[in-house]
Amino acid sequence: MSDETREPRNDGPEKSFDPATFDPATFDPEDYADADAGDEEVAVAVQSFWEAMRPYAGMAKTGVVTGVLASETVPPPAWSFGDKKELADELLELVLEGTKTATSSLAWEFEDSGEPVPQVGELSILLDGERQPRALIRTTSVETVPFDEVDDDVADAEGEGDRTLEHWRAEHEKYFRRNLPEGREFAEDMPVVVERFELLYPR
């Protein structure tokens, strides 16, 4: 079952960045595995991950370039899939192996929270169940459709279970029902935001 928990952008303290030793090819999220996963630790890990991932997003390293736009030094939104650690790890693994290239969210969640709907070209850092950065993705398409009009192609792109529409509907109904925003009720025609993405790192 899919959907995701998007976390606020972490703009916490930066870790010192040394271009002579900090290499995207050797960056290992496990370096942060012992962190307590508090907000500050996550912010540091996300900031460091972003500095390493910038070349994969078509940007130069901040440590070797001057005149970089401030917007390029701020990490993209960092979030994890699902509402449980185990689910976050399970769905992340599907992304890393190339099986999962889409995710679905209730449009009401964006509407009620005031958070903007994902946009084409937007970058995101995916976190694992321990809130450590593991992957960089770019949104390639976004569409809002009624729940009962989600099709087989979307179910297949989500990559979960047997990848059938029947599985998608059954599991997403369960997920959406337990995560409905306050005052909302499940409906077959409720709006669902379907976001497709490409994996930039790791490849």
Side-chain angles (χ1 to χ4, degrees), residues 2-17 19 22-63 68-105 109-110 113 115-142 158-159 193 195-203:
S2 183
D3 200 19
E4 74 277 346
T5 300
R6 291 178 180 268
E7 302 193 2
R9 181 172 292 165
N10 292 302
D11 298 330
E14 297 185 9
K15 183 177 181 179
S16 177
F17 179 59
F22 200 85
D23 185 352
T26 59
F27 177 80
D28 185 0
E30 291 301 319
D31 290 344
Y32 297 94
D34 295 331
D36 294 332
D39 290 341
E40 183 172 319
E41 288 84 357
V42 173
V44 169
V46 167
Q47 182 69 47
S48 297
F49 184 83
W50 173 233
E51 288 172 348
M53 293 303 102
R54 286 167 52 83
Y56 292 89
M59 303 175 189
K61 291 181 181 179
T62 57
V68 176
L69 295 176
S71 61
E72 293 184 1
T73 65
V74 177
W79 47 272
S80 57
F81 291 106
D83 54 357
K84 302 174 182 177
K85 290 183 178 181
E86 297 77 13
L87 187 57
D89 288 336
E90 176 186 333
L91 299 184
L92 172 64
E93 189 58 37
L94 292 177
V95 172
L96 296 178
E97 66 187 30
T99 302
K100 183 175 179 62
T101 58
T103 188
S104 302
S105 309
E109 293 182 10
F110 297 103
S113 68
E115 182 181 354
V117 173
Q119 301 294 313
V120 172
E122 179 179 274
L123 298 171
S124 293
I125 293 173
L126 298 184
L127 307 177
D128 61 21
E130 297 299 326
R131 301 179 67 205
Q132 298 304 306
R134 294 287 305 283
L136 179 69
I137 62 172
R138 176 186 287 125
T139 300
T140 56
S141 73
V142 180
E158 291 235 22
V193 176
E195 177 183 1
R196 294 176 186 266
F197 54 81
E198 61 178 336
L199 179 64
L200 299 181
Y201 178 89
R203 296 176 181 174

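The basis for the numbers below is simple: all heavy atoms, side chains too, and nothing from hydrogens, waters or symmetry mates.
A search for salt bridge (Lys or Arg N to Asp or Glu O under 4.0 Å) contacts involving Glu198 returns Arg138, not counting sequence neighbours. By the side-chain hydrogen bond (donor to acceptor under 3.5 Å, both in side chains) test, Thr99 pairs with Glu97, sequence neighbours left out. Taking the side-chain contact (heavy atoms from CB on, under 4.5 Å) definition, one finds that Glu86 meets it with Lys84, sequence neighbours left out.
Side chains of Ser105 and Glu195: a donor-acceptor N/O pair is absent below 3.5 angstrom, by distance only.
Here the CD-CG distance, from Glu93 to Asp128, works out to 10.5 Å after rounding to the nearest 0.5 Å. With rounding to the nearest 0.5 Å, the separation of CD in Glu130 from CG in Asp89 is 7.0 Å.
For the pair Trp50 and Ala57, the tightest heavy-atom approach, listed with the atom from each and the gap, is CH2-CB, 4.1 Å. Taking every heavy atom of both residues into account, Val120 and Val142 meet most closely at CG2-N, 4.2 Å. Of all non-hydrogen atoms in Leu92 and Phe81, the two that sit nearest each other are N-CD1, 4.0 Å. Between Leu200 and Tyr56, the closest heavy-atom pair is O-CD2, 3.7 Å. Minimum interatomic distance between Ile125 and Pro75 (heavy atoms only, all atoms of both residues): CD1-CB, 4.4 Å. The two residues Phe49 and Arg134 come nearest to each other via the heavy atoms CZ-C, 3.9 Å.
Between the side chain of Thr140 and the backbone N or O of Arg196 there is at least one donor-acceptor pair closer than 3.5 Å. Between the side chain of Lys85 and the backbone N or O of Leu87, no donor-acceptor pair lies under 3.5 Å.
Taking 4.5 Å as the limit, some side-chain heavy atom of Trp79 sits within range of a side-chain heavy atom of Leu126. Between Glu122 and Phe197 there is no side-chain heavy-atom pair separated by less than 4.5 Å.
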